[in-house]
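Structure first, commentary second.
Just so it is clear, the model here is predicted, and its values are computed rather than measured. By convention in this document, chain letters (A, B, ...) are assigned in the order of the sequence lines, proteins followed by strands, and residues within each chain are numbered from 1.
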Number of protein chains: 2
Amino acid sequence: MDKKKDLASKLRTSGLRPTKQRVLLAEFLFNRDKTFHFTVENLNKAINKKNSDYKIALATIYNTVHAFKKAGHLKEIFIKEGKNYFDTNTSSHHHFYDEVNNELTDIENNKIELKKFPTPPKGKSIKDVNVIINIDNDNQKH
Amino acid sequence: MDKKKDLASKLRTSGLRPTKQRVLLAEFLFNRDKTFHFTVENLNKAINKKNSDYKIALATIYNTVHAFKKAGHLKEIFIKEGKNYFDTNTSSHHHFYDEVNNELTDIENNKIELKKFPTPPKGKSIKDVNVIINIDNDNQKH
DNA sequence: ATTTAACATATAATGATTCTAAACTTGAAG
DNA sequence: CTTCAAGTTTAGAATCATTATATGTTAAAT
């Protein structure tokens, strides 16, 4: 399989030994058309669902997700207490967050442009800008 | 004391009985010139530091912070894994986040203007926009 | 094939937050 | 100004996500 090989070398290139577990997780996460948002809890459930052919320990999932993040293959997103989302889209971009369904949607960087801009404090420079647009069902009273 | 009275009625108005603990916490949080960013851990330490005249149980601090948030006196901000910040500035506004010192600074709403804007998904409307500008020390290599 | 550092694993440990059940306050009614 | 019920506070237990440990396993260099 070509795809598996590609993943193996992708891992190797970033200093990660392509173990069975890592390749399986990489396949699951990166062989997709759309970007994928998930929590470790999600991922663990999806991978270790009943009747799945291969199980991966929770600790390994944590290790792997962090290794992938460190290697730049995942981005971490903070939106909700106790929920740490990861994103397979590692480019600089923004998000819609649907509080009703707990769902994240990507907004590509070029869809948002800032007109006005604050000056960062002295001695500091801007590293990254993150916009989260919280959305609600229509006709909602607040 | 006028300030204490004001706080008591502020609490009463939002359906919270002005108990000793709540008034003390409200004083600590709201009788300030600048807005205040904190975690529950912070707040607990500040309130229950050695030699302080009055101690408040951790559970009460959690209860109270959540009650204040529900009543609209505090805003919750998500920026970092395992760190849930609260903000005494409840108006819609944005933040600088200094990853080096773990520090938040308010950016008033009118300092940022969006030029371009994505359309929200069907059936959804925008509730709130949150911009987090991550800052770094100058001359940092990434 | 052998070797060894890197890795995966189950389980224990940690740390933040929430729950629980009992004791104490508050404010309202008698 | 006592009494009382509902609302609060509290210490400690329980829970949940995450991280550490220490033991066995594997990838890949020799």
Side-chain angles (χ1 to χ4, degrees), chain A residues 4-5 7-29 37-48 52-71 73-74 76-86 102, chain B residues 4-5 7-28 38-48 52-71 73-74 76-86 102:
Chain A
K4 252 187 191 155
K5 252 195 187 164
L7 283 174
S9 46
K10 178 178 180 172
L11 292 177
R12 242 186 292 265
T13 310
S14 35
L16 297 167
R17 280 208 325 217
T19 63
K20 244 190 286 191
Q21 294 85 345
R22 283 174 177 169
V23 171
L24 198 148
L25 284 167
E27 272 187 300
F28 184 82
L29 293 173
H37 301 107
F38 64 96
T39 62
V40 171
E41 197 194 346
N42 283 345
L43 183 58
N44 183 45
K45 271 188 195 146
I47 292 288
N48 292 316
S52 79
D53 36 344
Y54 193 74
K55 308 251 177 196
I56 301 180
L58 180 57
T60 303
I61 294 187
Y62 274 102
N63 288 340
T64 306
V65 165
H66 287 140
F68 284 1
K69 186 194 163 189
K70 208 169 176 183
H73 303 313
L74 288 174
E76 199 167 2
I77 307 163
F78 309 106
I79 356 133
K80 226 194 153 172
E81 187 168 6
K83 294 257 173 195
N84 297 303
Y85 285 85
F86 291 88
N102 245 341
Chain B
K4 253 187 191 158
K5 253 194 186 164
L7 284 175
S9 46
K10 177 178 181 170
L11 293 177
R12 242 186 291 267
T13 309
S14 35
L16 297 167
R17 283 209 321 220
T19 63
K20 244 189 286 191
Q21 293 86 344
R22 283 173 178 170
V23 172
L24 197 148
L25 283 167
E27 273 187 301
F28 183 81
F38 64 96
T39 62
V40 171
E41 196 193 347
N42 283 346
L43 183 58
N44 183 45
K45 270 188 198 148
I47 292 288
N48 292 317
S52 79
D53 36 345
Y54 191 76
K55 307 250 177 197
I56 301 179
L58 181 58
T60 304
I61 295 188
Y62 274 101
N63 288 341
T64 306
V65 165
H66 287 140
F68 285 2
K69 185 195 163 187
K70 207 169 177 183
H73 302 314
L74 288 175
E76 199 166 2
I77 307 163
F78 309 106
I79 355 135
K80 223 192 155 172
E81 187 168 7
K83 293 258 171 194
N84 296 303
Y85 285 86
F86 291 89
N102 245 340

Checklist line | A/Ala59 side chain, from C-beta outward: closest of C/dT11, C/dC7, C/dG27 | finding: C/dT11

Note to self: As an exercise, state the distance from CD1 of A/Ile79 to NE2 of A/His37, rounded to the nearest 0.5 Å.
What the structure shows: 8.5 Å

Note to self: Taking 4.0 Å as the cut-off, does a side-chain nitrogen or oxygen of B/Gln21 come that near to OP1 or OP2 on C/dT25?
What the structure shows: no

Margin query: What contact category does A/Thr60 fall into here, base, sugar-phosphate, or nothing, at under 4.0 angstrom with non-hydrogen atoms?
Written below: base

Note to self: For the helix from C/dA1-D/dT30 to C/dG30-D/dC1, what angle separates the axis at the start from the axis at the finish, each from five pairs, in steps of 10°?
What the structure shows: 20°

Notebook entry, point to check: Going from CG on A/Asn44 to CG on A/Leu58, what distance comes out if it is rounded to the nearest 0.5 angstrom?
Noted result: 4.5 Å

Notebook entry, point to check: Rounded to whole angstrom units, what separation is found between the OH atom of B/Tyr54 and the C1' atom of C/dT25?
Noted result: 10 Å

Check: Would you say the side-chain atoms of B/His66 pair up with the backbone N or O of B/Tyr62, donor to acceptor, closer than 3.5 Å?
Finding: yes

Note to self: From CG of B/Leu11 over to P of C/dG27, roughly how many Å is that when rounded to an integer?
What the structure shows: 11 Å

Margin query: I'd like to know if the side chain of A/Thr64 and the backbone of A/Thr60 have a donor-acceptor N/O pair within less than 3.5 Å.
Written below: yes

Check: When the distance from NZ of B/Lys45 to C1' of C/dG15 is rounded to whole Å, what number comes out?
Finding: 12 Å

Check: Measuring from A/Asn84:CG to A/Glu41:CD, what's the distance to the nearest 0.5 Å?
Finding: 11.5 Å

Next item on the list: Using the six-membered ring wherever Trp is involved, compare the ring planes of A/Phe38 and A/Phe86 and label them parallel, tilted or perpendicular (cut-offs 30° and 60°).
Entry: parallel

Check: Whole Å only: how far is the CZ atom of A/Arg12 from the P atom of C/dA6?
Finding: 16 Å

Notebook entry, point to check: What are the 5'-most and 3'-most nucleotides of DNA chain D lying under 4.0 Å from any heavy atom of chain B?
Noted result: D/dG7 to D/dA11

Next item on the list: Would you kindly give the CG-to-P distance between A/Asn44 and C/dA8, to the nearest whole Å?
Entry: 15 Å

Item checked: Atom-to-atom span, CG of B/Asn42 to P of C/dG15 - whole angstrom -> 17 Å

Next item on the list: Return the 5'-most residue of the pair B/Lys20, B/Val40 with respect to DNA chain C, ranking by each residue's nearest nucleotide.
Entry: B/Val40

Next item on the list: Using whole Å, report how far CG of A/Asn48 lies from P of C/dA8.
Entry: 14 Å

Note to self: I want to confirm an ordering. Mapping A/Gly15 and B/Leu58 to their closest nucleotides on DNA chain C, which one lands closer to the 5' end?
What the structure shows: A/Gly15

Next item on the list: Compare every heavy atom of B/Leu11 with every heavy atom of B/Arg22, then report the nearest pair and how far apart it is.
Entry: CB-CD1, 3.9 Å

Next item on the list: Verify the contact: side-chain N or O of B/Asn84 to OP1 or OP2 of C/dT17, cut-off strictly under 4.0 Å; return yes or no.
Entry: yes

Check: Between B/Thr13 (side chain) and B/Ser9 (backbone), is there a donor-acceptor pair under 3.5 Å?
Finding: yes

Notebook entry, point to check: Hey, does the side chain of A/Ser52 reach the backbone of A/Ile47 with a donor-acceptor pair shorter than 3.5 angstrom?
Noted result: yes

Margin query: Measure CG/A/Leu16 against C1'/C/dA5 and give the value in whole Å, please.
Written below: 15 Å

